[in-house]
Amino acid sequence: MKYNQYAYVETDFNTQVKELINIKFLPSNYQTLSFTDLLKVMSENAIAEVAPDAEDARQAKLTEFAVSSEQTLADFLAQQPEQETATQFYNVALQLLGYHVHYDYDLDDPLKLMKKQALPFLTKFENKDDLIQGFYRLLNTRAKNGQLLIDVMAGKGYFYNRRQLFDSNKFVFLNGKSLPVFATSKVIREVVYVESDLDTNNDGHSDLLQVTIFRPFESQKMPVPALYTASPYFGGIIANEKRNHNVDENLSDATEWTNPQYVPSNQVTAKKPTGTNSPANQAIENAVGKSSYGLNEYMLARGFASVFAGAIGTRGSDGLRITGAPEETESAKEIIEWLHGDRIAYTDRSRKHETTAFWCNGNIGMTGRSYLGTLQIAIATTGVAGLKTVVSEAAISSWYDYYREHGLVIAPEDCQGEDLDLLAETCQSNLWDAGDYLKIKPKYDAMQKDLLTKSDRTTGQYSDFWEKRNYRHQTDGIKCSWISVHGLNDWNVKPKNVYKIWQKVKNLPIKQHLFLHQGPHYNMNNLVSIDFTDLMNLWFVHELLEIDNHAYEQWPTVMIQDNLEADNWHEEADWSNDLGQKTVYYPTDDSELQKDGNGKQHLSFTDLGGKEFKKAKITESDWQYKFICGDEKWAKPSLRFTTDEFIHPVTIAGRPQVKVRVSSSLNKGQLSVALVELGDRKRLTPTPKFIMPGGQELGFRFGQDTLQEFQPDKLTHAKLITKAHMNLQNYADLKRPAAIKPGEFYDLTFMLQPTYYRIPVGSKLCLIIYSTDQGMTKRPLEETTYTIDLAGTEINFSQK
């Protein structure tokens with residue numbers, strides 16, 4: 001597995017020397033030292049667990065390292081060498097990086113492993129300059145646990161043991177990244193209450209919003225940036241597994257559709273800040289919650305405050321959790337306004353003592369996945385002052401695209417029957433406090449009914465209600481830099497969400513990047529194949545500390561992880577249908593999928609809804625795998641069209657489009673289409689495997705994380721590439737239904753979820769046309785026969 005390293009900044013020799021002296025690794029008098037003495041002191045410094053003044057212990061440690069199969073490092077130094085070979089240097093280097101002789105590599109050929117792992121190396125060490133360059137690159141090389149060696153050293157106490165040598169209120173950098181020199185044992189953990197302009201529970205008072213802060217002790221005397229995670233889950237979640245809506249029901253006639261209007265909550269005028277930003281009236285309430293995001297913890301040890309707030313409706317805050325509504329955006333944005341000095345907060349709920357974010361330098365970045373990433377998109381569209389960058393992972397850009405699709409009620413993966421009202425229930429954690437419960441419960445019940453009614457689970461149609469929850473229509477307001485991260489196999493927040501906002505963001509006058517990994521609804525922190533955490537360190541230093549560290553030129557605009565080889569990242573300028581040539585496939589009468597000629601036949605299948613699925617009592621994921629593999633029982637209510645085996649690899653990029661001419665035996669219907677790769681082979685694991693659990697120290701005795709990666713697993717027969725669903729009654733307009741007649745043909749044209757998928761030699765491509773998707777659509781109780789006119793049916797996509 002390659003340890004790709006995109007965050008390494010090419011640095012000239014003079015800068016390398018200055019940085020190594022600055023971190024106390026290279027002696028300032030290095031020019032007076034011999035080659036042997038310089039090699040000795042830098043080797044000893046790399047053994048971070050030993051204090052720099054414990055010279056006997058440092059020398060004794062040198063005997064634990066070998067430069068060859070015959071000689072230890074201590075014995076080698078005793079010979080007073082004036083140079084060394086690359087083999088000798090990298091034998092020791094690999095040991096410092098956490099690799100083990102015999103088990104991981106052979107002392108006779110360390111460069112073999114260096115090449116295999118894509119670890120950088122120099123070829124000669126003939127003088128002191130070579131030695132300095134070699135150690136500089138080594139400190140910035142990823143160790144076996146995935147971290148840079150300098151971070152491994154920090155976790156062992158390198159900076160702690162030298163704390164008296166560093167200024168107590170100062171950032172320290174190496175290769176453009178902030179180092180963990182901050183006193184993690186003294187982190188300040190506090191709570192404040194931001195005053196909102198909202199009154200979502202209509203009690204005549206402005207909602208107070210609880211904010212939990214974890215900041216370096218050093219921020220008492222120096223301003224630091226803030227990483228803000230808007231997390232509706234931070235105060236806890238109300239779990240009610242049995243409350244999901246029933247999906248085992250017949251489809252309705254969508255012409256019953258209504259267009260509910262958005263009604264805003266009451267607003268009040270909150271107090272304005274006085275203009276002072278002094279440490280007076282510091283927070284008095286201790287934080288009881290814990291930081292819940294690894295990237296924040298990592299950056300906290302490097303001087304970046306970590307801020308969490310759930311905003312309206314969450315525990316410790318006032319108001320109602322109105323999922324996806326403008327009020328939700330407004331309340332989450334108001335936290336940034338306080339951090340930037342533009343809004344009032346109080347030390348407690350009495351509203352008597354104001355407090356400021358005196359410790360914040362006014363530059364705020366946002367982090368978080370899923371709902372937490374969604375709120376980043378929402379807030380960024382407001383253009384709020386102080387927000388400099390977002391790192392939005394697995395985020396919703398339109399709530400309609402999360403709970404609906406093309407006129408149908410569609411569930412997120414593993415969440416059949418969930419909807420906006422139930423997500424609001426999950427996050428309305430202030431109901432846990434009895435006093436709030438008494439005050440809020442009646443208004444909360446009314447809100448729940450309103451959300452259920454206006455979200456319209458009956459017809460699944462688009463409306464003004466959903467329009468207010470579509471952030472893509474406000475992208476012109478985005479002023480901050482932008483990073484999107486998404487899984488190409490995310491069937492919770494489906495890839496359409498990131499694809500469609502990317503098409504907007506990429507044209508804005510801001511710096512933007514996109515990462516697409518092979519996971520489902522998952523973080524990409526700490527993947528073996530990419531140094532994402534280091535990239536984000538580089539990014540935040542540039543954006544929030546305003547240091548020119550060349551972050552903007554460091555990696556390509558779009559990076560996409562390969563589905564066949566996890567350590568292969570495709571570097572692209574964009575992700576769209578323009579990446580390849582348009583290719584059209586046609587289903588034929590003999591169930592083949594070909595590039596030339598449509599079939600002329602009408603083919604039918606009868607959909608049984610959820611009847612057989614309920615009897616079988618299998619999981620939705622088990623059903624899907626059996627279905628795409630062509631299991632006779634589950635494939636019967638579908639039509640399948642398959643290509644010949646591919647004789648060379650083909651990559652499908654962007655959003656495939658399907659055209660289907662279809663009739664239904666009823667005056668309603670839902671059509672699903674899946675694109676599947678068929679072929680027996682070992683595919684990557686659905687989620688990354690943990691490697692060396694807890695092996696990454698985020699700081700000195702501060703917290704741990706784990707390296708992970710997708711790896712080839714057991715043999716499988718098929719893999720879903722992409723799919724989509726559509727209401728037949730939206731054949732003429734995806735935003736407005738029309739009546740249809742039984743037995744009459746209608747032309748449907750719709751897009752599948754976007755993808756970037758490499759089909760290997762020997763595999764086949766399969767187009768499946770069906771109706772009920774047991775994991776996502778409603779599961780009707782009545783049978784429906786669908787007839788497909790092959791002459792009016794095709795699928796096209798971009799092919800590289």
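Remember, predicted model here, so these are calculated numbers, not experimental data.
- Within the 3.5 Å criterion, the main-chain N or O of Gly609 finds a donor-acceptor partner in the side chain of Gln774.
- Figure legend: Lys468 and Trp399 shown without cation-pi pairing, the cationic atom not lying both under 6.0 angstrom from the six-membered ring centre and within 45 degrees of its axis.
- At a threshold of 4.0 Å, the pair Asp589-Lys600 does not count as salt-bridged, since none of the basic side-chain nitrogens sits closer than that to a carboxylate oxygen.
- Under 3.5 Å, the side chains of Thr229 and Ser231 contain no donor-acceptor pair of N or O atoms.
- Within 6.0 Å of NZ on Lys626 lie no more than 12 heavy atoms contributed by other residues, nucleotides or ligands.
- Looking at Lys454 and Asp450, a side-chain N of the basic residue comes within less than 4.0 Å of a carboxylate O on the acidic one, giving a salt bridge.
- Glu328 pairs in a side chain to side chain donor-acceptor pair (under 3.5 Å) with only one of the listed residues (Lys333, Arg469, Arg321), which is Arg321.
- Judged purely by atom type and a 3.5 angstrom limit, Ser252 uses its side chain to pair as donor or acceptor with the backbone of Thr458.
- Using the six-membered ring where Trp is involved, Trp466 and Tyr403 have ring planes that are tilted, between 30° and 60° apart.
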- Message: Using the rule given for ring pair (Phe, Tyr, Trp, His ring centres under 6.0 Å), can you reason through Tyr585 versus Phe641, listing the C-alpha separation, both sets of side-chain angles and the distance that settles it, and then say yes or no?
- Response: CA-CA 10 Å; Tyr585 281 88; Phe641 304 93; over 10 Å; no

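- A 6.0 Å sphere centred on NZ of Lys633 holds more than 12 heavy atoms belonging to other residues, nucleotides or ligands.
- Using a 4.5 Å heavy-atom cutoff, the side chains of Cys629 and Asp631 are not in contact.
- Aromatic ring orientation, His725 versus Tyr770: perpendicular (interplanar angle above 60°, classes split at 30° and 60°).
- Here the side chain of Gln416 pairs a donor or acceptor atom with the backbone of Thr777 at under 3.5 angstrom.
- Here the side chain of His486 pairs no donor or acceptor atom with the backbone of Pro520 at under 3.5 angstrom.
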Give the table of side-chain donor-acceptor pairs shorter than 3.5 Å for residues 734-745, with sequence neighbours excluded, one pair per line with atom names and distance.
none

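- For the pair Asp421 and Arg457, the salt-bridge criterion is not met [side-chain N within less than 4.0 Å of a carboxylate O].
- Salt bridge absent: Asp253 and Lys668 never bring a charged side-chain N and a carboxylate O closer than 4.0 Å.
- Side-chain N/O atoms of Ser397 and Arg472 include a donor and acceptor closer than 3.5 Å.
- Put simply, the residue from Leu508, Val391, Ile501 that forms a side-chain contact (heavy atoms from CB on, under 4.5 Å) with Trp482 is Ile501.
- With 3.5 Å as the limit, one finds a donor-acceptor pair spanning the side chains of Glu327 and Ser265.
- Here the side chains of Glu405 and Met726 are not in contact, with every heavy-atom distance at 4.5 Å or above.
- Checking side-chain atoms of Asn497 against main-chain N and O of Tyr402 turns up no donor-acceptor pair under 3.5 Å.
- Aromatic ring pairs are classed by plane angle as parallel below 30°, tilted from 30° to 60° and perpendicular above 60°; the pair Phe627 and Trp623 is parallel.
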